[in-house]
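So the structure is just underneath, and the comments pick up after that.
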Amino acid sequence: ALGFDAVVSEIFTTLTAGATLVVPTASEHRPGQDLADLLAKEKVSVATIPPSIMGVMPDETLPALKTLVSAGEPCTAALVKQWSPGRRFVNAYGPTEGTVCASMGVCDPSVLTPPTIGRPMAGTSVYIVDAAGSLVPPGLPGEIWIGGVGVADGYLGRPDLTAEKFDDDPFVANGRLYRSGDEARFTQAGEIDYLGRIDDQIKH
């Protein structure tokens, strides 16, 4: 099996080496049979689909679909088991404020617990901190703070919310970070377990 860095490299190589971008019509991206038919007709090899959409799609062989990325919502072990045969299943995490993906991991369909959200992407830092902003050890829950090259400048026309959610990175000189409001913990293996929200900002 490919390691994490190799999988990420393979996905981005596929997407930047002359791959065809399939843009569905309004009817083709409806959840269910319409979307499954589009994936089959266009022989889509890499797709990012939210778990709630996977859950209502029919069981299709889709032999061309080699990499399926789950993102946008928490993923279940049942979906990993259902959609892993014949392909690589990747669980990804990342709010828009961090320019989409902050972490991702390849899922093992034999694991009965919900998949982790993997490890930080290259150029991205994921911190898990307590209420005082101190890093917590593996196994303890805290808020996800995201740093790195993808962090946005803030919210357009919302200086109050920008000041609340964005700040200088206290762990990296001249860095900037986003306070996600998501709760998680690091496993002993260095992967991230997503636990839910710690505030009432709508994210999913």
Worksheet item: Do M104 and W145 share a hydrophobic cluster, counting only Ile, Leu, Val, Met, Phe, Trp and Tyr and linking them when any side-chain heavy atoms are less than 4.5 Å apart?
Response: no
Worksheet item: Do V106 and R88 have side-chain heavy atoms sitting under 4.5 Å apart?
Response: yes
Practice prompt. Considering non-hydrogen atoms only, spot the tightest contact between P115 and A77 and give its length.
Written response: CD-N, 4.0 Å
Worksheet item: Distance only, no hydrogens: is a donor on one side chain within 3.5 Å (strictly under) of an acceptor on the other, for Y127 and D169?
Response: yes
Fill in: Side-chain heavy atoms of P114 within contact of T76, under 4.5 Å
no
Worksheet item: Out of curiosity, does V56 fall in the hydrophobic cluster containing M54 (side-chain heavy atoms, cut-off under 4.5 Å, transitive links)?
Response: no
Fill in: T99 side chain to V151 backbone, donor-acceptor under 3.5 Å
no
Worksheet entry | Evaluation steps, side chain to side chain contact (heavy atoms under 4.5 Å, CB included), between R185 and D193 | CA-CA 5 Å; R185 64 188 169 207; D193 268 332; 3.7 Å; yes
Fill in: Donor-acceptor contact present, side-chain R87 to main-chain L65, <3.5 Å
yes
Fill in: Min side-chain heavy-atom separation Y93-P120 under 4.5 Å
no
Practice prompt. Measure from the side-chain N and O atoms of D182 to the backbone N and O of I144, and report whether any donor-acceptor pair falls under 3.5 Å.
Written response: no
Worksheet item: Under 4.5 Å between side-chain heavy atoms, hopping through other hydrophobics if needed: is there a path connecting V22 to I53?
Response: yes
Discussion item. Apply side chain to side chain contact (heavy atoms under 4.5 Å, CB included) to residues S52 and E73 and explain how you reach the verdict.
Written reply: CA-CA 8 Å; S52 59; E73 301 163 342; 3.0 Å; yes
Item to complete: State, yes or no, whether a side-chain contact exists between F89 and S70 at a heavy-atom distance under 4.5 Å.
Response: yes
Discussion item. On a heavy-atom basis, which atom in A189 and which in R119 lie closest, and how many Å separate them?
Written reply: O-NH2, 2.8 Å
Worksheet item: So, E183 side chain and Y194 main chain: donor-acceptor pair closer than 3.5 Å or not?
Response: no
Worksheet item: Are the side chain of R176 and the backbone N or O of G147 linked by a donor-acceptor pair below 3.5 Å?
Response: no
Worksheet item: Do V126 and L140 sit in the same hydrophobic cluster, where Ile, Leu, Val, Met, Phe, Trp and Tyr count as joined when their side-chain heavy atoms come under 4.5 Å apart?
Response: yes
Worksheet item: Hey, are the side chains of L62 and W83 touching, using non-hydrogen atoms and a 4.5 Å cut-off?
Response: yes
Worksheet item: Do I146 and P95 come within less than 4.5 Å of each other through their side chains, counting heavy atoms only?
Response: yes
Item to complete: Report yes or no: does T162 contribute a side-chain atom to a donor-acceptor pair with the main-chain N or O of R158 at less than 3.5 Å?
Response: yes
Practice prompt. Go through the steps for V136 and I128 under the test side chain to side chain contact (heavy atoms under 4.5 Å, CB included), then give the verdict.
Written response: CA-CA 6 Å; V136 299; I128 298 180; 3.6 Å; yes
Worksheet item: Given side chains that start at C-beta, do those of C107 and T116 come closer than 4.5 Å, heavy atoms only?
Response: no
Item to complete: Determine, stepwise, if the pair R179 / E164 fulfils salt bridge (charged side-chain N to carboxylate O under 4.0 Å, His left out).
Response: CA-CA 8 Å; R179 299 185 180 95; E164 177 186 343; over 6 Å; no
Fill in: hydrophobic_cluster_shared for V80 and L68, side chain cutoff 4.5 Å
yes
Worksheet, complete the sentence: Checking N91, I49, T48 against V69 for side chain to side chain contact (heavy atoms under 4.5 Å, CB included), the one that qualifies is T48
Discussion item. Can you tell me how far apart CG (L35) and OG (S27) are? Round to the nearest 0.5 Å.
Written reply: 11.0 Å
Worksheet item: Just how far is it from atom CG of N174 to atom CG of D168, taken to the nearest 0.5 Å?
Response: 8.5 Å
Worksheet item: Atom OG1 of T96 and atom OH of Y178: how far apart are they, to the nearest 0.5 Å?
Response: 8.5 Å
Worksheet item: Quick one: CG on L39 to NZ on K41, what's the gap to the nearest 0.5 Å?
Response: 10.5 Å
Fill in: Working for side chain to side chain donor-acceptor pair (under 3.5 Å), residues E97 and Y155
CA-CA 9 Å; E97 293 89 343; Y155 300 107; 2.6 Å; yes
Worksheet item: Within a strict 4.5 Å, meaning less than it, do heavy atoms of the L135 and F171 side chains meet?
Response: yes
Item to complete: Output the distance between atom CG (D37) and atom CZ (R30), rounded to the nearest 0.5 Å.
Response: 11.0 Å
Discussion item. I'd like to know if the side chain of T187 and the backbone of E191 have a donor-acceptor N/O pair within less than 3.5 Å.
Written reply: yes
